[in-house]
Amino acid sequence: MTNAMMDRANEVIAKTYKRFPVVITRGSGCTLWDDAGKRYTDFVAGIAVCNLGHAHPKIAEALSAQAHTLWHVSNLFYSVPQMELAAWLTAHSFADRVFFCNSGAEANEAAIKLARKYFKEAGQGQRFRIISMEQSFHGRTMATLSATGQDKIKHGFDPLLEGFDFAPFDDPAALRAKIGPATAAVMLEPVQGEGGVRCPRPDYLKQVRALCDEAGLLLIFDEIQTGMGRTGKLFAYEHAGVKPDIMTLAKALANGLPMGAMLAREQVAAAFGPGSHASTFGGTPIVSAAALEVCRTMERDGILEHTRQISEYFRSKLEWLKGRHAVIEEVRGVGLLLGMRLATEGEPFVLQCMEQGFLINCVQGNILRFVPPLVISRAEIDALTGCLDGIFSATLEAESKRDQHA
Ligand SMILES: *Cc1c(COP(=O)(O)O)cnc(C)c1O
């Protein structure tokens, strides 16, 4: 059954993903099951999407209630869930207004469009360029790909959209040197996710904010991966004590339903008027109802506090592993966006973990990334780090045996 199913999928689905040979059929909390009934503890969470775990009963309830009431209306009309969600997000962030869409890339598209429109409206249409960071990831649409600082995923799509410059991440002096008379905005991830779980130095974002203020630029934070509690604060910018002008969200916003959002402060958001931008599905009642329950659950269940505590614990366990295995070069990250840089390829470890019932992920070739649901427990972390300890020990033994024979 499994092999036939996968063979059929490989015949009829676009070949854009390299998949593991596993058919996932069910999830609950931090656990997933495949079609053979094997269970996995999930440290991927749909890549930082299912922050409250799989099939969360409260969200399922909210979704079910809304499913029996109203799924979709055009944005030509008002709907209560969308209003309530926007009110929650603005009450809990720097922002005054929210534009809803369906994905991270779309949220970044909206941010890029708003930045350009803002300067056009201000009579400074010559300012349209956006500086983003090397190793950044902002999405796969033409504009967001153009904004992404990784050549390997841009290959083959020339010509890309004009107007993007790149600066090295975590280097304020290099950023300053890139700012010119045509620069409109700086766009960055407070912690680079796909780029390898890279945290900047503590004062970096403050310095970026100061550079933007000095040159009159908009500051855009892509919090698609870092937002909604992933780092132990609702939004990662809170750690740095600086506010952006525009912020984008997606991934965990509706815990697995497709939703993106672009948030901005009033003066900037004012550049978008009726007809400036739109989305058929953006902020539809059914997805908004799910996202609203995500927000309420985060508050009700003290998810941020749990994330901060469990992060300390997880980190200490990863540091313990690092002390035991020379192959681990660095433990990094914040909250439950954690990474472990290896001196070797990470993929074989991902596969061995999967065999033993743990899903983890590898980025940039040698960085193991851990982004479990925020509701992960100590026992689940102990089980994973125990598994990794065994795998690293076995690998080392095998290598030293091979060296002896050589
Ligand atoms: C995942 C991600 C995106 C793209 O989101 P999609 O929903 O896949 O379009 C953009 N930026 C960051 C930081 C991301 O992690």
Side-chain angles (χ1 to χ4, degrees), residues 14 16-18 44-51 99-115 130-150 152-154 157 160-161 164 166 169-170 185-200 205 208 219-231 235-237 239 244 246-263 279 281-284 287 290-291 294 333-339 361-364 367 369-372 374:
T16 52
Y17 306 101
K18 183 170 159 258
V44 178
I47 311 193
V49 167
C50 305
N51 275 12
F99 173 83
F100 290 108
C101 50
N102 314 289
S103 69
E106 274 185 49
N108 283 338
E109 286 274 345
I112 292 164
K113 286 181 73 175
L114 181 62
I130 294 176
I131 303 174
S132 61
M133 301 298 141
E134 292 168 8
Q135 298 291 103
S136 62
F137 181 77
H138 297 298
R140 301 284 194 152
T141 60
M142 288 305 278
T144 58
L145 194 56
S146 305
T148 290
Q150 300 187 52
K152 64 174 196 285
I153 66 169
K154 296 166 126 172
F157 299 108
L160 295 177
L161 189 69
F164 293 92
F166 296 92
F169 187 57
D170 200 15
V186 173
M187 176 168 177
L188 55 78
E189 303 153 83
V191 178
Q192 290 191 333
E194 306 302 309
V197 191
R198 295 172 66 208
C199 291
L205 295 178
V208 173
L219 178 56
I220 305 169
F221 282 165
D222 177 343
E223 292 235 24
I224 289 164
Q225 187 158 153
T226 55
M228 300 311 290
R230 176 54 56 188
T231 68
F235 305 113
Y237 72 77
H239 292 285
I246 301 173
M247 172 172 75
T248 52
L249 300 175
K251 290 202 161 85
L253 184 52
N255 206 57
L257 269 73
M259 174 173 256
M262 191 257 322
L263 293 80
S279 166
F281 288 121
T284 205
V287 179
V294 167
V334 56
L336 286 174
L337 175 52
L338 294 173
N361 163 252
C362 177
V363 282
Q364 302 294 323
I367 294 147
R369 177 172 54 175
F370 307 101
V371 283
L374 305 181

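All figures in this text were calculated on a predicted structure; none of them were measured in a lab. Each ligand, and each atom within it, is numbered from 1 in the order the structure gives.
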Inset, instruction - Could you tell me whether atom 15 (O) of ligand 1 has a protein heavy atom closer than 4.0 Å? - result: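 Given the 4.0 Å cut-off, atom 15 (O) of ligand 1 counts as touching protein heavy atoms.
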Select one of side chain, backbone, both or neither to describe which atoms of [X] lie under 4.0 Å from any atom of ligand 1, heavy atoms only.
X      : value
Glu189 : side chain
Ala250 : neither
Arg140 : neither

When you compare ligand 1 with [X], is there at least one nitrogen or oxygen pair between them that comes in under 3.5 angstrom?
X      : value
Gly139 : no
Glu194 : no
Gly104 : yes
Phe137 : yes

[X] side chain vs [Y] backbone, donor-acceptor pair below 3.5 Å:
X      : Y      : result
Asn51  : Asn255 : no
Gln192 : Cys199 : no
Asn108 : Gly139 : no
Thr144 : Glu109 : no
Thr148 : His138 : yes
Glu189 : Glu223 : no

Inset, instruction - Give the C-alpha distance, both sets of side-chain angles, the deciding distance and a yes or no for side-chain contact (heavy atoms from CB on, under 4.5 Å) between Ile246 and Met262. - result: CA-CA 7 Å; Ile246 301 173; Met262 191 257 322; 3.7 Å; yes
Inset, instruction - For the residue pair Val294 and Leu253, establish whether any side-chain heavy-atom pair is separated by less than 4.5 Å. - result: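 Sidechains of Leu253 and Val294: no contact.
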Inset, instruction - Write out the residue and atom name of the closest protein heavy atom to atom 11 (N) of ligand 1, then the distance separating them to 0.1 Å. - result: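 Result: Asp222 OD2, 2.8 Å.
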Legend entry - Shortest protein heavy-atom distance from atom 9 (O) of ligand 1, along with the residue and atom involved: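 Ranked first by proximity to atom 9 (O) of ligand 1 is Ala105 N, 2.7 Å.
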Inset, instruction - Only heavy atoms count here, so choose which of Gln225, Glu223, Lys251 is nearest to atom 1 (C) of ligand 1. - result: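 That would be Lys251.
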Inset, instruction - Please identify which atoms of ligand 1 are closer than 4.0 Å to at least one heavy atom of Ser103. - result: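 Those qualifying, in numeric order: 7 (O), 9 (O).
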